[in-house]
Novice: 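Questions regarding the structure given below will be posed in turn.
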Amino acid sequence: MNKISAAITAVGSYVPDHVLTNQMLEDMVDTNDEWITTRTGIKERRILKDPNKGTSYLGIQAAKNLIEKNNINPEEIDLIIFATATPDMLVASTGAYTASEIGAVNAFSYDLQAACSSFLYAMSTAASYIETGRYKKVLVIGADKMSSIIDYTDRATCIIFGDGAGAVLFEPNQEGLGLQDEYLRSDGIGRNFLKIEAGGSLLPPSEETVANRQHFVHQDGKNVFKYAVSNMADVSAKIMERNNLSDSDVNWLVAHQANKRIIDATAKRMGVPEEKVLMNIQRYGNTTSATLPLLLSDFENKLKKGDNLVFASFGGGFTWGSIYLKWAYNS
Ligand SMILES: CC(C)(COP(=O)(O)OP(=O)(O)OC[C@H]1O[C@@H](n2cnc3c(N)ncnc32)[C@H](O)[C@@H]1OP(=O)(O)O)[C@@H](O)C(=O)NCCC(=O)NCCS
């Protein structure tokens, strides 16, 4: 019997309706469309305005989109991994709630948090469950309501992030398609440069932490940029080298959408031309755990069976890595 590999067999996505444009941000903070566009590539992002809805809402919509589009019976799903940096609540698993809401009554479910690399790491985790033969249908959801942790008076962060969700289904494949290799890294130095200081066990919430705006994302953009550029390019080049992939062997670069300049630098290092780089940062900004599945969903009809995809991500922690995957279907 052929070796079992873990293939993506379906994708889905959801973004909320409300659009926050660069022009709207000009009225909120001291910034301008030209600065944001040239420094980041972002033109607009989506925001979940309903104060009674959390990240689970985004994830549930993305999962339902996948289920309905592909006629999947949710009762057959074995496991749901919910990749997010903005769970609905601490302690109570957002994944468990999501599983119940979509009718995945036979699944177990948990959250996986690795900042902007949450989805990439979750792909690796999901694939491992499939490769062992233990489970047959693993749903990976990447969703973040970044607007819940962004300070809309801080121009260094509020221009970057947006809300959204995507979902992919992993299933066993015996044709050699699916996940081929991964190279995942982390470095704790990152918590000096990108963090929410309060609300965790190190600095529990207090009147003082709220007054000091310590429940919002703070980042030293310049340093994060420096680490992101070199590390994301390094791992992508490494995965190509390890798998004897030349630039012409790579069909698509699927990179975390944090900053267009970081993605361009990664593509350049790999020798991959612009037309092979999936890009939607201009429409959504950085949706953290949702960027990779949103790319797959937006560009699903371009992906062909057998195509070589190189995924790359970089995020808080720091966490980063690259995955080489062979696409398994024509849509
Ligand atoms: C945030 C980021 C876009 C800023 O771009 P940058 O080129 O590094 O800009 P700097 O922070 O050096 O700021 C340059 C100038 O623009 C100003 N500036 C910062 N934000 C601004 C904004 N929104 N509008 C206008 N000016 C702004 C700064 O105050 C600074 O002014 P000064 O030179 O007078 O001090 C960039 O650093 C970045 O993308 N970093 C990585 C972020 C990231 O990927 N985070 C998520 C990781 S997953």
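Remember, predicted model here, so these are calculated numbers, not experimental data. Order of appearance sets the numbers: ligands from 1, and atoms from 1 within every ligand.
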Novice: Hey, is Val29 touching ligand 1 through its side chain, its backbone, both or neither, going by heavy atoms under 4.0 Å?
Specialist: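 Under 4.0 Å from ligand 1, Val29 contributes no heavy atoms.
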
Novice: To which protein heavy atom is atom 29 (O) of ligand 1 closest, and what is the distance rounded to 0.1 Å?
Specialist: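 In this structure, atom 29 (O) of ligand 1 has Arg155 NH2, 2.8 Å as its nearest protein heavy atom.
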
Novice: Report the C-alpha separation of Ser331 and Glu300 in whole Å, then their side-chain angles, then the decisive distance to 0.1 Å, and conclude whether the side-chain hydrogen bond (donor to acceptor under 3.5 Å, both in side chains) test is met.
Specialist: CA-CA 7 Å; Ser331 59; Glu300 186 183 18; 4.9 Å; no

Novice: Around Lys304, counting heavy atoms of other residues, nucleotides and ligands shown, do more than 12 lie under 6.0 Å from its NZ?
Specialist: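 Atom NZ in Lys304 is packed in, count exceeds 12.
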
Novice: Is it the case that ligand 1 has an N or O less than 3.5 angstrom from some N or O of Gln219?
Specialist: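 By distance alone, the answer is yes.
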
Novice: If you measure from each non-hydrogen atom of Trp35 to ligand 1, which part falls under 4.0 Å: side chain, backbone, both or neither?
Specialist: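 It is the side chain that touches ligand 1; the backbone stays farther off.
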
Novice: What do the steps show when you test Tyr227 against Phe314 for ring-ring contact (aromatic ring centres under 6.0 Å, His included), and what is the final call?
Specialist: CA-CA 9 Å; Tyr227 280 98; Phe314 184 84; 7.3 Å; no

Novice: Classify the contact between Ile160 and ligand 1 as side chain, backbone, both or neither, using a heavy-atom distance cut-off of under 4.0 Å.
Specialist: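 Near ligand 1, Ile160 shows its side chain, while the N, CA, C and O stay back.
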
Novice: Decide whether an N or O pair under 3.5 Å exists between Asn259 and ligand 1.
Specialist: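 Looking only at distances, the answer is yes, because the N/O contact criterion of under 3.5 Å is met.
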
Novice: Step through the shown structure and confirm whether more than 12 heavy atoms of other residues, nucleotides or ligands are within 6.0 Å of CG on Asp50.
Specialist: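 Buried by this count: over 12 neighbours within 6.0 Å.
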
Novice: If I apply the N/O under 3.5 Å rule, does Lys222 come out as touching ligand 1?
Specialist: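 Such a contact does occur with ligand 1.
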
Novice: Are more than 12 heavy atoms, taken from residues, nucleotides or ligands other than Phe225, located less than 6.0 Å from that residue's CZ atom?
Specialist: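 Yes.
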
Novice: Starting from atom 44 (O) of ligand 1, what is the nearest protein heavy atom, named by residue and atom, and what distance separates them?
Specialist: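 For atom 44 (O) of ligand 1, the nearest protein heavy atom comes out as Ala258 CB, 3.4 Å.
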
Novice: How far is atom 47 (C) of ligand 1 from its nearest protein heavy atom, and which residue and atom name does that atom have?
Specialist: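 Heavy-atom neighbour on the protein nearest atom 47 (C) of ligand 1: Val224 CG1, 3.7 Å.
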
Novice: Is the Tyr135 ring parallel, tilted or perpendicular to the Phe108 ring (thresholds 30°, 60°)?
Specialist: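 Answer is tilted, since the angle falls between 30° and 60°.
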
Novice: Report the part of Thr31 (side chain from C-beta onward, or backbone N, CA, C, O) that has a heavy atom under 4.0 Å from ligand 1; answer both or neither where that applies.
Specialist: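 For Thr31, backbone and side-chain atoms both sit under 4.0 Å from ligand 1.
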
Novice: Measure across Val168 and Ile8 and return the closest heavy-atom pair with its distance rounded to 0.1 Å.
Specialist: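 Taking every non-hydrogen atom into account, CB-CG2, 4.0 Å.
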
Novice: Can you tell me the protein heavy atom closest to atom 40 (N) of ligand 1 and the distance?
Specialist: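 Answer, as residue, atom name and distance: Gly221 O, 3.0 Å.
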
Novice: What protein heavy atom sits nearest atom 14 (C) of ligand 1, and how far away is it?
Specialist: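 That would be Arg39 NH1, 3.6 Å.
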
Novice: Looking only at protein heavy atoms, which one is nearest to atom 3 (C) of ligand 1, and what is the separation?
Specialist: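 The protein heavy atom lying closest is Thr40 CG2, 3.6 Å.
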
Novice: Passes side-chain hydrogen bond (donor to acceptor under 3.5 Å, both in side chains), Thr287 versus Asp144? Steps please.
Specialist: CA-CA 6 Å; Thr287 55; Asp144 270 301; over 6 Å; no

Novice: One residue to check: Asn286. Relative to ligand 1, which of side chain, backbone, both or neither has a non-hydrogen atom less than 4.0 Å away?
Specialist: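 Looking at Asn286 and ligand 1, just side chain atoms fall under 4.0 Å.
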
Novice: If you draw the axis of the six-membered ring of Tyr329, does the NZ or CZ of Lys305 fall within 45° of it and under 6.0 Å from the ring centre?
Specialist: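 Relative to the ring axis of Tyr329, which defines the angle, Lys305 lies outside at least one limit.
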
